[in-house]
Amino acid sequence: MPSALILIADGTEEMEFTITYDTLVRAGVSCTSAFVSDEKRQGDSASYESNPPFAKGSRGIKILPDTYFSPQAATPDKYDLLVIPGGAKGAETISANSPIQHLVREYLQEGKYVGMICAGSLAALTSGLPKQPITSHPSVRDQLKDTFTYSEDPVVVSGKLVTSRGPGTAFPFALTLVELLCGKEKRAEVAGPMIFPPGTFA
């Protein structure tokens with residue numbers, strides 16, 4: 001069974017996190033969400049490891065992660081996919097985290113998938129990834145366009161790196177990850193009962 005680690009922080013965009021997590025679960029992917037602390041919570045991190053706090057999303061919705069982010073527990077020998085959602089504040093916290101930057105490079109070096117959506121694509125920049133096709137939310141385009149080959153496609157697949165644009169592209173992003181991990185048939189099987197309008201990305 002494929003497995004995915006989905007990161008979350010205060011300020012993470014709720015739709016991008018939830019739609020990706022839910023869609024992967026529907027495909028039979030074993031998903032774990034891990035809370036990434038910002039500096040304000042860093043000092044209390046030890047007490048959260050077995051009982052992480054609620055993450056307060058970009059729209060104020062509280063989400064309880066499965067675990068607290070630990071670099072040692074997040075290595076690519078344990079998961080097939082690492083997902084970094086957007087939401088300006090959450091993406092800033094996650095993309096600025098040095099251990100996560102190292103993990104992004106390590107996952108790709110080990111041939112594992114990394115998914116970034118919306119402002120989460122900033123992690124490609126902070127992780128020092130080489131120039132390649134990428135997309136993101138328009139609000140962070142200018143930070144990425146000179147370093148990468150910028151695209152405005154809803155989903156961009158560059159080797160094992162998958163990027164997408166925002167809440168409205170969360171379904172095609174998640175379904176693309178399903179297809180890469182589980183195949184086209186599984187993508188169709190998952191998308192069917194969701195009842196997407198005819199002619200859309202499903």
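Along the sequence shown, residues are numbered consecutively beginning with 1.
Closest approach of P76 to L103, counting heavy atoms only: CD-CD2, 4.3 Å. When all heavy atoms of M1 and D80 are compared, the pair lying nearest together is O-OD2, 4.3 Å. Residues P71 and P99 come closest through the heavy atom pair CG-CB, 3.6 Å. For A34 against L5, the heavy-atom pair with the smallest separation is CB-CD1, 3.9 Å. Residue C118 comes nearest to G87 through the heavy atom pair SG-N, 4.1 Å, listed as atom of the first residue, atom of the second, then distance. In terms of heavy-atom proximity, G11 sits nearest to S58 at O-CB, 3.6 Å.
In this pair, F171 and F196 present their aromatic rings perpendicular. The plane angle is above 60°, beyond the 30 to 60° band.
Using a 4.5 Å heavy-atom threshold, the side chains of F148 and L129 count as touching. Contact annotation: the side chain of F35 approaches that of D10 to within less than 4.5 Å [non-hydrogen atoms, C-beta and beyond]. Contact of the I6 side chain with the C31 side chain is registered, since non-hydrogen atoms from C-beta on lie closer than 4.5 Å. Residues L81 and V114 are not in side-chain contact: their nearest non-hydrogen atoms beyond the backbone lie 4.5 Å or more apart. Using a 4.5 Å cut-off on side-chain heavy atoms (C-beta onward), P133 and S151 make no contact. A 4.5 Å side-chain heavy-atom check between L82 and K112 finds every atom pair outside the cut-off. With contacts defined as side-chain heavy-atom distances shorter than 4.5 Å, the pair V29/V178 does not qualify. Residues Y150 and S136 meet the side-chain proximity criterion, which asks for heavy atoms closer than 4.5 Å.
Note: K56 NZ to I61 CD1 = 11.5 Å, rounded to the nearest 0.5 Å. With rounding to the nearest 0.5 Å, the separation of CG in L175 from NZ in K186 is 12.5 Å. Taken from CG in L144 to OG in S121, the straight-line distance is 6.5 Å, to the nearest 0.5 Å.
Ion pairing between a basic and an acidic side chain is recognised when a charged N comes within 4.0 Å of a carboxylate O; K89 and E92 show no such pairing.
At least one donor-acceptor pair under 3.5 Å links the side chain of Q132 to the backbone N or O of P130. Judged by distance alone, with hydrogens and angles left aside, the side-chain atoms of T93 form no donor-acceptor pair with the main-chain N or O of D38 at under 3.5 Å. With E16 contributing its side chain and G86 its backbone, the two residues share a donor-acceptor pair below 3.5 Å.
Seen from the ring of Y113, K160 counts as a face-on cation partner, given the 6.0 Å and 45° thresholds.
In K145, the NZ atom is crowded: over 12 heavy atoms of neighbouring residues, nucleotides or ligands sit closer than 6.0 Å.
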Please determine whether side chain to side chain contact (heavy atoms under 4.5 Å, CB included) holds for the pair T23 and M194, giving the CA-CA distance in whole Å, both sets of side-chain angles, and the decisive distance to 0.1 Å. CA-CA 10 Å; T23 303; M194 289 181 171; 3.7 Å; yes
Verdict with reasoning, E152 to R141, per side chain to side chain contact (heavy atoms under 4.5 Å, CB included): CA-CA 9 Å; E152 295 189 356; R141 174 186 179 273; 4.0 Å; yes
Might you work through the side chain to side chain contact (heavy atoms under 4.5 Å, CB included) test for V83 and L177, ending with a clear yes or no? CA-CA 10 Å; V83 178; L177 295 175; 4.2 Å; yes
With side chain to side chain contact (heavy atoms under 4.5 Å, CB included) as the criterion, how do K78 and T75 come out once you've worked through the C-alpha distance, each side chain's angles and the decisive distance to 0.1 Å? CA-CA 6 Å; K78 299 179 177 67; T75 51; 2.9 Å; yes
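Applying the side chain to side chain donor-acceptor pair (under 3.5 Å) test between S164 and each of T176, T169, T20 identifies T169 as the sole match.
I84 and V156 fall into different hydrophobic clusters, defined by Ile, Leu, Val, Met, Phe, Trp and Tyr side-chain heavy atoms under 4.5 Å apart, directly or through other members.
Between the side chains of R165 and T135, a donor-acceptor pair is found at a separation under 3.5 Å.
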